[in-house]
Amino acid sequence: MPAAIDYSPLTHPVPAPTRTNTTAYAVSRLAEVNGWEYCTHAVAQPLPGVVFREPDGRPRSSQRSVNIVRIPGSPSIEIGDSFYAEIAQGNQYTRTWGYAAVDLGVDAPSLTVEARSNRLLSPLPATPAGAVQDERHPGVLVEAAPGSEQDAHSLLTTEIVAALGDQTYPLNLELAGRWLFLYAPRSLSTDDAESWRHVLHTVDLVVRRMREWHPAGAHSPFGTSNRTHAREARDARVNGRRVAWQLSLLAVAMVGGAVAALIIGGR
């Protein structure tokens, strides 16, 4: 996990260049000053989470992500905002999810945890097959794959449940194979420094708990998989000197009017 993070681009932002989205510019500067990788967008995501994949494994319709930050380390972390199209009663809607993706390096019990406040606003699009509900944890709803209910209950410490059910920054959690995902029906790649702190703190809590479960994971390639960084060549990579130019072209590069409207309007 990052030991010391400089949040000054968010807490003391500088004016964005003309015709550049202020939130995207602040996030790109956050990545730059901390030595992280920043991408304006990706038109496909190979990640396995429910926000990215249908239950049968197919990519969700028109799936794409923006404002992507990749934090190196053990484990590596990716944070961004994802969108996909959903058709209901003959109408097409764009679903929006902020996400954090972490390759844990070890398998975990299959489960989803939804903060009840998030669930009321926008339920997750899927849960584990045959999921068994566990309502023993205040503020969250746990749905675990059959046979993993007790493991899920043991994994969710009081600290983790409190972080997920936070009143200001509630988060959903998914464990799928070796992957940890945090989701929210709002932007997580945002200019709000406290949101970033809370997301990274929650990641840290879950990673430490997983390492307690799997002590050997500390000596295994914990989070060294390259899958988080496997993106199609169409990713728009940005460095510090080119960020203003890339961001000014962001609205044109977006796939789909809904994404462009969101980026232009901020978080």
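Quick note: numbers below take in every heavy atom, side chains included, and nothing from hydrogens, waters or symmetry partners. All of these numbers come straight from a predicted model, not from anything done at the bench.
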* Parallel, tilted or perpendicular for His137 and His153, by the 30°/60° rule? -> tilted

* Asked: Do Ser110 and Leu175 come close enough that some side-chain heavy atom pair is under 4.5 Å?
  -> no

* Asked: Going by heavy atoms in the side chains, are Ile68 and His41 under 4.5 Å from each other?
  -> no

* Asked: Any donor-acceptor pair under 3.5 Å linking the side chain of Glu114 with the backbone of Leu124?
  -> yes

* Does the side chain of Ile5 come within less than 4.5 Å of Trp196's, by heavy atoms? -> no

* Asked: In terms of side-chain geometry, is the basic nitrogen of Glu212 or Arg209 positioned less than 4.0 Å from the acidic oxygen of its partner?
  -> yes

* If you measure only the distance, is there a donor-acceptor pair under 3.5 Å linking the side chains of Asn67 and Tyr38? -> yes

* If two hydrophobic side chains count as joined below 4.5 Å and joins carry through other members, does Leu173 share a cluster with Val132? -> no

* **Distance, nearest 0.5 Å, that separates CG of Asp191 from OG1 of Thr23** => 4.0 Å

* Test item: Pro109 and Trp213 side chains (from C-beta on) under 4.5 Å apart, heavy atoms -> yes

* Is the closest side-chain donor-acceptor distance between Gln63 and Ser82 under 3.5 Å? -> yes

* Asked: Any luck finding a side-chain donor-acceptor pair between Ser187 and Asp81 under 3.5 Å?
  -> yes

* Asked: Side-chain donor-acceptor pair under 3.5 Å between Thr112 and Glu174, yes or no?
  -> no

* Are Leu30 and Tyr169 in one and the same hydrophobic cluster, where Ile, Leu, Val, Met, Phe, Trp and Tyr link if side-chain heavy atoms are under 4.5 Å apart? -> no

* Kindly indicate whether the side chain of Pro59, heavy atoms from C-beta on, has any atom under 4.5 Å from the side chain of Tyr84. => no

* Identify which one of Asp103, Leu182, Val203 satisfies the side-chain contact (heavy atoms from CB on, under 4.5 Å) criterion when paired with Ile77. => Val203

* Asked: Among side-chain atoms of Asp192 and Thr190, is any donor-acceptor pair under 3.5 angstrom?
  -> no

* Over 12 non-hydrogen atoms of neighbours within 6.0 angstrom of CD in Glu86 -> yes

* Please state whether the rings of His198 and His201 are parallel, tilted or perpendicular, taking 30° and 60° as the class boundaries. => tilted

* **Side chains of Leu104 and Val207 in contact at under 4.5 Å (non-hydrogen atoms)** => yes

* Taking a hydrophobic cluster as the set of Ile, Leu, Val, Met, Phe, Trp and Tyr residues connected by side-chain heavy atoms closer than 4.5 Å, whether directly or through intermediates, do Leu141 and Leu171 fall within one such cluster? -> no

* Asked: Taking the inter-plane angle between the rings of Tyr99 and Phe52 on a 0 to 90° scale, is it parallel (under 30°), tilted (30 to 60°) or perpendicular (over 60°)?
  -> perpendicular

* Worked check of salt bridge (charged side-chain N to carboxylate O under 4.0 Å, His left out) between Glu135 and Arg119 -> CA-CA 14 Å; Glu135 300 190 14; Arg119 185 178 177 87; over 6 Å; no

* Can you tell if the side chain of Cys39 reaches within under 4.5 Å of the side chain of Arg70, non-hydrogen atoms only? -> yes

* Asked: With side chains defined as the heavy atoms from C-beta onward, is the minimum distance between Trp97 and Ser122 less than 4.5 Å?
  -> yes

